[in-house]
Amino acid sequence: MNDSPAPDASVRDWLSAHGYSDDRFVRTVLRARSGLRLEPDAAAEAVSTLYLSFQARAVEGKLPRFANEDAFCSYLFTVARNYLVRASRAPKGGQAYPVDVHEFSTADATARVRQYDRVTRGELVAELGEERVRAVLSRLPDRPPPPLRRLAELVFAGRSFTEIARELAVSKATVTRRVRDAEAFVHDLLRDPSSGVLGTDAPAGGGES
Amino acid sequence: MTGPVPLPVDGLRSLADRVVAAYRAAAPRRPVLPAGARGEVVRVLTRALLDDETHDAYAAAVTAARRRAGVHRELLAAGGPDQPAELVARDGLAALGDDLLADLALSPQALADLRARLYDDPDLDAARGRWFFDPLPVTGEPEAVTARASSTGAAVTTPTAVVRRVRGWPLPALAALAAGVFLAVGVLIGSRLGGREADGRLFAEARTRPDPTRGPGDFVIEVENSGDRRAFVTIVALGQGRQPVVQASTREGNRAEWLAVGPGAARRLIPPAGGAQAFLVVLTPVPAADVVREVVAAQPVAARPDAVRAAVVAELQALGYPSFHTVVVRPPAGTP
């Protein structure tokens, strides 16, 4: 992070007015990178891009002001997170992705949640293949709360988490967690030769040990 | 580019094994915290929420322990409670009850789901508390500020801004400086600010007051909460050469309730043990009895009240308690 550019005076004053140092700004961007599995350079690139965007806004006199440090902290994190999520979705060597310093809990935040839905379903299919996943659906437990088999069927039918929550009369939080449980169950069946889902030539034995 | 100091993998595996063993030993089987491990669980899981490496290592350790114990699919089928993401975003994992914390410790899926919501749920964008943005210990930087003897594992966060300014100092000097800073800050807060913590959300104070209605020479501990949120009270009775007594709840019939003082209210509490020479009063926005008990149990019986207090402060800070106040009060003059 030592090679990251320092902000100009206007941005530094803006950060400072909200209780922020350069170090703290960088730390916030690093935290926003968590869980995105980005290249190490992505955070340094995000710092540079955000500085430049803020400088451009400062020239226009459009840098937002916040009533307190906590609100500012949340704002910076959200802007950085939105940018990094976009970076994680962009193809390597593709177009640069813009920073919108005003996108705080608005359209892009909704996109983040949609993206999470897609990644969950997409990752599973990409890793295991849809046909094999369907083959193991019948092995998923079929008892509440809510049954993993029914949940997985709905996911693979392309339903959104919100729709599934409504249909099963549970919270969306329950759905997102149970989808993870279902994924893990499928993975466990696939790594277990005795589960029978790998085909008849699978060696006998195995299971939980 | 520096990176966070990783938590020792052996420690993560040990915790994972104990969490799974506690689940298997419970009758009926359910997620429970291993005895005396609440502080360790909060520390490790907080770090797992903030740091990819710790998250992945702990998730792998728990999954392996569940498989070894033959309960992996059983737990996946069983599911678990909804985790209150907004509460965690605001106040950190220390705000969770034991049952929710045990569920998180036992389920990598619940942990990953909570993590995803903390980072990407737009409803939480304005809710994340300062704990979420605290710096992690960074490679190449000493952890002297939180370096302390602990039976429960490594520290989570450390004020690296302070550490950075004195980078390169010898470790003993840093440790001494850190201890001094803790004590000085504690004294300053206790004497000047009357219970106002850095984030200004908990305004509470405690003092002893004679109570002749209970008997000659008797007294009560009066807790006054002028803030806008409830303050939970944990009292530690300290006496030279005596085992400290920790009180954090009252019992009425079969019902136990946390000692707490509502916003804008005051409450008089009967001291937990006769003959104590001093009382450490710990005021927190969420119950802290387990944490205080763990810290007090690790102190020498003859430890001075200020030393016990410094240890409690360090632990609450390390666990990410959002705001708290500690004060040592003594029986009024003339008390036998």
Side-chain angles (χ1 to χ4, degrees), chain A residues 1-3 21 23-24 27-28 30-37 40-41 43-44 69-71 73-78 81 85 104-106 108-110 112-113 115-116 120 140-141 143-148 170-171 173-174 176-185 188-189 192 207-209, chain B residues 1-4 49-53 55-56 59 63 66-85 89 103 107-130 132-136 138 160-161 164 199-200:
Chain A
M1 199 54 60
N2 295 332
D3 51 354
S21 62
D23 267 8
R24 194 172 165 200
R27 282 203 307 267
T28 302
L30 286 172
R31 181 62 41 82
R33 185 188 56 175
S34 295
L36 293 177
R37 318 289 170 195
D41 286 350
E69 202 175 315
D70 287 347
C73 192
S74 292
Y75 162 78
L76 272 188
F77 175 84
T78 304
R81 181 74 177 176
V85 164
F104 182 41
S105 290
T106 53
D108 201 66
T110 311
R112 266 159 54 192
V113 175
Q115 182 258 357
Y116 171 56
T120 301
L140 291 177
R143 63 172 193 265
L148 293 187
V170 295
S171 69
T174 296
T176 58
R177 173 184 176 158
R178 293 299 276 160
V179 165
R180 289 178 189 275
D181 285 338
E183 279 180 49
F185 209 107
D188 204 57
L189 286 171
D192 173 9
E208 284 189 340
S209 58
Chain B
M1 174 81 70
T2 54
L49 290 177
L50 301 179
D51 166 25
D52 288 348
E53 198 176 335
H55 171 266
D56 294 351
T63 302
R66 286 162 46 138
R67 285 204 173 104
R68 277 197 303 275
V71 297
H72 185 52
R73 290 184 198 165
E74 171 183 316
L75 284 163
L76 290 173
D82 281 1
Q83 291 287 342
D103 173 60
S107 168
Q109 290 70 37
L111 187 64
D113 190 51
L114 176 63
R115 195 167 191 251
R117 290 164 68 195
L118 285 181
Y119 282 89
D120 285 326
D121 185 342
D123 290 341
L124 303 182
D125 277 348
R128 298 180 194 98
R130 291 194 180 184
F132 185 80
F133 300 102
D134 277 348
L136 297 169
V138 174
T160 49
R164 282 182 183 186
D199 66 4

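No hydrogens, no waters, no symmetry mates; every other heavy atom, side chains included, goes into these values. Letters go in sequence order (proteins before strands), and every chain restarts at 1. Owing to the predicted nature of the structure, the values given are computational and were not obtained by experimental measurement.
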Check: B/Ala77 main-chain N/O paired with A/Arg143 side-chain donor or acceptor under 3.5 Å =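 Not confirmed, A/Arg143 side chain does not pair with B/Ala77 backbone.
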Does A/Ser34 offer a backbone N or O that forms a donor-acceptor pair with the side chain of B/Asp52 under 3.5 Å?
->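 Between the backbone of A/Ser34 and the side chain of B/Asp52 there is no qualifying donor-acceptor contact (under 3.5 Å).
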Could you pull out the closest heavy-atom pair between A/Arg177 and B/Pro81, with the gap in Å?
-> NH1-O, 3.3 Å
Taking every non-hydrogen atom, the tightest pair across A/Arg81 and B/Tyr119 | NH2-CB, 3.4 Å
Does a side-chain heavy-atom distance below 4.5 Å link B/Arg66 with A/Asp188?
->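 Sidechains of A/Asp188 and B/Arg66: no contact.
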Interface residue of largest heavy-atom contact number with chain B, from A/Ser21, A/Ser171, A/Cys73, A/Pro141, under 4.5 Å |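 With the most close heavy-atom pairs to chain B, the winner is A/Cys73.
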Chain A heavy atoms under 4.5 Å from [X]: which part of the residue, side chain, backbone, both or neither?
{"X": "B/Ala78", "answer": "backbone"}
{"X": "B/Pro108", "answer": "neither"}
{"X": "B/Asp123", "answer": "neither"}
{"X": "B/Thr63", "answer": "neither"}

CD on B/Gln83 to OG1 on A/Thr176, rounded to 0.5 Å |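 Going from OG1 on A/Thr176 over to CD on B/Gln83, the span is 11.0 Å.
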What distance do B/Asp113 atom CG and A/Arg178 atom CZ have between them, rounded to the nearest 0.5 Å?
-> 11.5 Å
Is the closest side-chain donor-acceptor distance between A/Ser74 and B/Asp125 under 3.5 Å?
->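 Not at all, the side chains of A/Ser74 and B/Asp125 share no donor-acceptor pair under 3.5 Å.
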Greatest number of heavy atom pairs closer than 4.5 Å to chain A - which of B/Leu114, B/Leu75, B/Asp103 | B/Asp103
Taking side-chain contact (heavy atoms from CB on, under 4.5 Å) as the test, write out the residues that go with A/Ala184, two or more places apart.
->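 Partners of A/Ala184 by the side-chain contact (heavy atoms from CB on, under 4.5 Å) criterion, ordered by chain and then number, come out as B/Leu76, B/Gln109.
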How are the rings of A/Phe77 and B/Phe133 set to each other: parallel, tilted or perpendicular (split at 30° and 60°)?
-> perpendicular
